[in-house]
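Hydrogens, waters and symmetry mates are skipped; everything else that's a heavy atom, side chains included, is used.
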Amino acid sequence: DSAGQDINLNSPNKGLLSDSMTDVPVDTAVAAQTPAVEGLTEAEEEELRAELAKVEEEIVTLRQVLAAKERHCAELKRKLGLSALEGLKQNLSRSWHDVQVSNAYVKTSEKLGEWNEKVTQSDLYKKTQETLSQAGQKTSAALSTVGSAISRKLGDMRNSATFKS
């Protein structure tokens with residue numbers, strides 16, 4: 001039985017699998033009842049079934065090896081002090097980089113850049129920007145005047161005879 005064997009060739013007993021690792025077996029009774037594809041001889045059909053069983057066994061073995069490697073990787077990360085949060089951070093960083101170099105992102109960025117160029121060069125944008133700039137300057141001047149008037153009034157109140165007494 002290959003399921004209980006040490007499958008991690010790098011170190012003894014690291015590849016032992018728990019019994020929770022299962023695979024869906026081929027139901028040979030159902031397979032035997034399934035009619036063969038027309039044109040196959042009995043020998044060819046038997047050869048194909050043997051190859052199928054071998055491939056399925058290899059798949060199970062590969063899954064077991066992968067599980068053992070993942071456990072070993074997790075153990076190494078634990079020993080190195082690499083946390084799940086660090087791994088998540090690396091995955092997010094890698095994913096964001098992948099997004100940024102994707103065709104969709106690059107094309108969208110280029111298109112938005114073109115639209116930005118067109119909008120900022122339009123007469124309507126320039127007029128709006130100028131109007132808002134003038135409104136901001138006038139508002140700033142008005143607030144400054146109000147602030148000065150309030151300061152002057154507070155100063156007058158402080159200097160008044162009523163306040164001093």
Side-chain angles (χ1 to χ4, degrees), residues 2-27 30 52 54-165:
S2 64
Q5 292 178 350
D6 177 17
I7 55 176
N8 184 339
L9 301 177
N10 295 331
S11 60
N13 300 324
K14 284 230 178 195
L16 291 177
L17 293 174
S18 67
D19 290 335
S20 65
M21 177 84 177
T22 59
D23 194 24
V24 178
V26 173
D27 188 349
V30 173
L52 175 62
K54 180 181 175 188
V55 169
E56 287 175 337
E57 185 178 324
E58 289 173 352
I59 290 171
V60 169
T61 302
L62 289 171
R63 286 184 179 149
Q64 293 170 346
V65 169
L66 178 60
K69 293 290 184 183
E70 286 174 337
R71 282 193 308 275
H72 186 63
C73 179
E75 180 67 19
L76 292 173
K77 285 180 179 180
R78 186 190 63 74
K79 287 180 180 178
L80 289 170
L82 300 176
S83 67
L85 185 59
E86 184 65 28
L88 178 62
K89 180 181 165 186
Q90 289 175 350
N91 286 342
L92 287 174
S93 178
R94 192 174 323 122
S95 296
W96 177 240
H97 176 264
D98 292 347
V99 166
Q100 287 178 313
V101 297
S102 70
N103 278 343
Y105 183 88
V106 170
K107 287 180 180 178
T108 302
S109 294
E110 288 172 358
K111 187 56 79 176
L112 288 174
E114 291 172 13
W115 289 350
N116 183 49
E117 178 91 15
K118 288 178 183 177
V119 167
T120 57
Q121 297 304 314
S122 72
D123 288 337
L124 179 60
Y125 177 85
K126 289 177 182 176
K127 287 178 184 176
T128 303
Q129 184 182 29
E130 185 178 321
T131 302
L132 289 174
S133 177
Q134 289 173 358
Q137 290 171 358
K138 289 179 181 179
T139 302
S140 177
L143 289 175
S144 178
T145 302
V146 168
S148 296
I150 291 173
S151 292
R152 193 171 37 255
K153 287 291 182 183
L154 288 174
D156 291 347
M157 285 174 50
R158 228 180 301 151
N159 293 331
S160 71
T162 308
F163 185 78
K164 288 183 179 180
S165 62

Quiz item: Just how far is it from atom CG of Asn91 to atom NZ of Lys89, taken to the nearest 0.5 Å?
Solution: 12.5 Å

Exercise. Hey, could you give me the CD/CZ distance between Glu75 and Arg78, rounded to the nearest 0.5 Å?
Key: 4.0 Å

Quiz item: How long is the span from the CG atom in Leu85 to the CG atom in Leu92, to the nearest 0.5 Å?
Solution: 9.5 Å

Quiz item: Under 4.5 Å between any side-chain heavy atoms of Leu112 and Trp115, yes or no?
Solution: yes

Exercise. Step by step, work out the salt bridge (Lys or Arg N to Asp or Glu O under 4.0 Å) result for Glu110 and Lys107.
Key: CA-CA 5 Å; Glu110 288 172 358; Lys107 287 180 180 178; over 6 Å; no

Quiz item: Roughly how far, to the nearest 0.5 Å, is CD of Glu117 from OG of Ser122?
Solution: 11.0 Å

Identify all side-chain donor-acceptor contacts of residues 143-163 below 3.5 Å with residues at least two apart in sequence or on another chain.
unit_1: Thr145; atom_1: OG1; unit_2: Ala141; atom_2: O; d: 2.9
unit_1: Ser148; atom_1: OG; unit_2: Ser144; atom_2: O; d: 3.1
unit_1: Ser151; atom_1: OG; unit_2: Gly147; atom_2: O; d: 3.1
unit_1: Asn159; atom_1: ND2; unit_2: Gly155; atom_2: O; d: 3.2
unit_1: Ser160; atom_1: OG; unit_2: Met157; atom_2: O; d: 2.7
unit_1: Ser160; atom_1: OG; unit_2: Phe163; atom_2: N; d: 3.3

Quiz item: Among all residues two or more places apart in sequence or in another chain, which pass the side chain to side chain contact (heavy atoms under 4.5 Å, CB included) test with Leu76?
Solution: His72

Practice problem: Taking Ser93 for its side chain and Gln90 for its backbone only, find out whether a donor-acceptor pair lies under 3.5 Å. | Solution: no

Exercise. List the atom of Lys126, the atom of Thr120, and the distance in Å for their closest heavy-atom pair.
Key: CE-O, 3.9 Å

Quiz item: Does Asn103 have any side-chain hydrogen bond (donor to acceptor under 3.5 Å, both in side chains) partners at least two apart in sequence or in another chain, and if so, which?
Solution: none

Quiz item: Are the side chains of Cys73 and Lys77 in touch, meaning some heavy atoms are under 4.5 Å apart?
Solution: yes

Self-check item: Separation between NZ of Lys127 and CD of Glu130, rounded to the nearest 0.5 Å
Solution: 9.5 Å

Quiz prompt | Rounded distance [0.5 Å steps], CD in Gln121 versus CG in Asn116 | solution = 9.0 Å

